[in-house]
2 protein chains.
Amino acid sequence: MLTEERHRIILQLLKEKNIVKIHELVDLTETSESTIRRDLSLLEEGKFLKRIHGGASRLQGKLQEPSMNEKSSKNLHEKRQIAQFAAGLVEEGDCIFLDAGSTIQEMIQFLPKKEIVVVTNGLMHIPSLLNKEIPTYLIGGFAKQKTNAIIGRGALESLNLYRFDKCFMGVNGIHPQFGFTTPDQEEAMVKQKALSLSREAYVLADETKFSEIAFSKIADIHEAVIITNELADETKDLYRSRTTIKVVTP
Amino acid sequence: MLTEERHRIILQLLKEKNIVKIHELVDLTETSESTIRRDLSLLEEGKFLKRIHGGASRLQGKLQEPSMNEKSSKNLHEKRQIAQFAAGLVEEGDCIFLDAGSTIQEMIQFLPKKEIVVVTNGLMHIPSLLNKEIPTYLIGGFAKQKTNAIIGRGALESLNLYRFDKCFMGVNGIHPQFGFTTPDQEEAMVKQKALSLSREAYVLADETKFSEIAFSKIADIHEAVIITNELADETKDLYRSRTTIKVVTP
DNA sequence: CTGTTTTTGAAAGAAAATGATTGATTTTTG
DNA sequence: CAAAAATCAATCATTTTCTTTCAAAAACAG
């Protein structure tokens, strides 16, 4: 059995079980304990897992891309519902802005087969957009490694070339007083700019984002329509007076 | 069994299994280990798979160019030599423009670990550039599906924000009278603009590009230094009088 | 047919992976 | 708390795989 093959098996097993024991792996792969230990050491070095006494455990850093599976399927389902609803708002002839980030990425698959134009700062959206043969414009600027978003002065200048019918974005915090917020200042500026260039603005957020505050402010609460799933009634009331909330019914 | 035939078998098997072992392939094709090793090396060069100890594994594609099946390994080798030479021209502190396209993509792996800044219109370059932790700026504009390049008005406007120490580009035709040419007019405009913003301009081209003419003109022959591999003497003379040619010695 | 290039297989030494063993360290058990 | 059990890191000999080199075989061109 090849090294890489074992590594795949180990990671696969970890995904399912959160914790694997050394002996389990020895039996499964029919190799020696030494070999498995070496494997675990290597994988730990590569930040794929954490070694613990007797085995290894999964690490839930955000660094883990495939930990998408870890997100409870409920959460994912909600996210998708919100995304689908948002995509339904797009109309023939629209020019829309799509923010970088995984929330918005879910939207793309639901975008209608109409004549639309998409502008985005999300590098991760490009393959799927082109795949759907949607005319796509990317704004210029600095390519941020961690989030795969385009940010910076170039991004703002670039946006000036466009006007949008609708823009869609994800945020990290929604708060009655502090408005929409996100951790990265540069990304906040891009969102802000895009929002100011749109006739209609939509923020996609599941219930976990409400009453949260992140570092950098994007806009006041009334400047965008919030698309979300079921909310506690008292939360709803808190926001209803200040802005529009579209609640996706399952 | 023909080389091509073996390659096809190997790739087919990889599609099904994610991992293939050397001995598996030796048995299957009834050739020697040496031959299989050579095959795997070639296929790895062409970015079709990744060699691992004891076999090979499938590489899960990023934003790779899929339509480039005709890579002959000889051609690829030349291309790589040219790319390596070009990368060697990059100096500490340089701000360089990298054109979209597979020729330039080869350069990235050879870029020196110095403080440099890269601006590009090639979406396919982004993953490897970010991977090397090189500060990267993408210009804005229309994302062209076929070539994964950013083009159009936005691209030209975007470029205006920058000035380059050096720019590197691929072309389709080089001709004493007609200059540098490429099939797509929009891409030609981007190349032209980038070239005009650079202190020094370099065109990377193997011998097959000489005396060819494509539809859209980028610049006159004297406006860029040509980096190429061995040339017939008469070809060399034809261009030497009008521009600089750097010949990469193998 | 002859000389050249390309492809192939074999072989040798280098490099990597493996499994067993050692004694140290940690955890469990009494 | 201390002994017993389990797990661990480190080392080493062995096996497997890799790279390089070379010569024979095959394909090719003139």
Side-chain angles (χ1 to χ4, degrees), chain A residues 1-14 17-59, chain B residues 1-14 17-59 69-81 84 109-110 206-208 229-233 249-250:
Chain A
M1 174 158 311
L2 265 39
T3 310
E4 183 133 332
E5 215 171 347
R6 285 194 315 272
H7 287 191
R8 282 187 199 206
I9 289 177
I10 293 172
L11 290 177
Q12 177 60 38
L13 209 60
L14 257 184
K17 304 186 36 173
N18 283 333
I19 283 185
V20 288
K21 302 193 187 70
I22 294 249
H23 285 300
E24 227 177 317
L25 294 172
V26 170
D27 290 348
L28 189 64
T29 60
E30 290 173 348
T31 52
S32 71
E33 211 174 284
S34 297
T35 301
I36 294 297
R37 283 185 200 292
R38 268 185 285 258
D39 284 342
L40 294 185
S41 293
L42 278 175
L43 289 171
E44 182 176 42
E45 224 172 305
K47 302 264 169 60
F48 293 108
L49 50 75
K50 180 155 145 281
R51 290 192 65 178
I52 56 180
H53 201 86
S57 85
R58 189 160 80 192
L59 40 76
Chain B
M1 175 161 306
L2 264 37
T3 309
E4 187 94 351
E5 203 173 346
R6 284 195 315 272
H7 286 193
R8 208 177 39 72
I9 289 176
I10 294 173
L11 291 177
Q12 177 60 37
L13 208 60
L14 256 185
K17 300 188 33 170
N18 280 331
I19 285 184
V20 288
K21 302 189 183 67
I22 294 253
H23 287 301
E24 224 176 320
L25 295 171
V26 170
D27 289 349
L28 191 64
T29 60
E30 291 173 348
T31 52
S32 72
E33 212 174 282
S34 298
T35 301
I36 294 297
R37 283 185 200 290
R38 269 184 285 258
D39 285 342
L40 294 184
S41 292
L42 280 173
L43 290 170
E44 184 177 41
E45 286 252 315
K47 305 252 175 68
F48 293 107
L49 50 74
K50 177 155 145 280
R51 288 192 67 180
I52 58 181
H53 203 91
S57 85
R58 185 161 68 184
L59 36 78
N69 290 344
E70 41 158 341
K71 291 170 180 170
S72 82
S73 70
K74 175 161 181 290
N75 222 323
L76 190 76
H77 183 63
E78 287 175 354
K79 223 171 176 175
R80 183 157 296 175
Q81 279 190 323
Q84 184 162 20
Q109 60 185 307
F110 298 117
D206 59 54
E207 79 267 36
T208 65
N229 50 345
E230 312 163 78
L231 283 180
D233 280 345
T249 47

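A quick note: this is a predicted structure, and the numbers were derived from the prediction, not measured. So you know, we letter chains A, B, ... as the sequences are listed, proteins then strands, and number each from 1.
- A:S41 comes within 4.0 angstrom of no nucleic acid atom, judged by non-hydrogen atoms across all strands.
- Between A:I22 atom CD1 and D:dC8 atom C1' there is a gap of 9 Å when expressed in whole angstrom units.
- DNA chain C is contacted by both B:D39 and A:H53; B:D39 maps to the nucleotide lying nearer its 5′ end (nearest heavy atom per residue).
- Checking C:dT18, C:dG9, D:dC18 against every side-chain atom of B:R37, the shortest atom distance belongs to D:dC18.
- Distance A:L40 CG to D:dA10 P: 15 Å, rounded to the nearest Å.
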Assess the residue pair B:R58 and B:L49 against the criterion (side-chain contact (heavy atoms from CB on, under 4.5 Å)); give the C-alpha distance rounded to whole Å, side-chain angles, the decisive distance to 0.1 Å, and a yes or no. CA-CA 5 Å; B:R58 185 161 68 184; B:L49 50 74; over 6 Å; no
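- Between the C1' atom of D:dT17 and the CD atom of A:E4 lies a distance of 16 Å, rounded to the nearest Å.
- B:E45 places no side-chain N or O within donor-acceptor distance of the main-chain N or O of B:L42, the cut-off being under 3.5 Å.
- Using a 4.5 Å heavy-atom cutoff, the side chains of B:L25 and B:D39 are not in contact.
- Checking C:dG9, D:dT19, D:dC8 against every side-chain atom of A:R51, the shortest atom distance belongs to D:dC8.
- At whole-Å resolution of the value, CD1 in B:I36 and C1' in D:dC18 are 15 Å apart.
- Along DNA chain C, the nucleotide closest to B:S34 and the one closest to A:L2 are compared, and the more 5′ of them pairs with B:S34.
- For NZ of B:K21, the number of neighbouring non-hydrogen atoms (other residues, nucleotides, ligands) closer than 6.0 Å is greater than 12.
- Proximity of B:R6 to the phosphate of C:dT7: no side-chain N or O atom is located under 4.0 Å from OP1 or OP2.
- A straight line from CD of A:E33 to C1' of C:dA17 spans 17 Å, rounded to a whole angstrom.
- Contact annotation: B:T35 side-chain N/O to C:dT8 OP1/OP2 distance is not under 4.0 Å.
- Residue A:H23 places no side-chain N or O under 4.0 Å from the OP1 or OP2 atom of D:dA6.
- Under 3.5 Å, the side chain of A:S32 and the base of C:dA20 form no donor-acceptor pair of N or O atoms.
- Positionally, the nearest nucleotide of DNA chain D for A:I52 lies more toward the 5' end than for the other of A:I52 and A:R38.
- Rounded to whole angstrom, the span from the CE atom of B:M1 across to the C1' atom of D:dA27 amounts to 18 Å.
- Proximity of a side-chain donor or acceptor of A:E44 to a complementary backbone N or O of A:R51 within less than 3.5 Å is detected.
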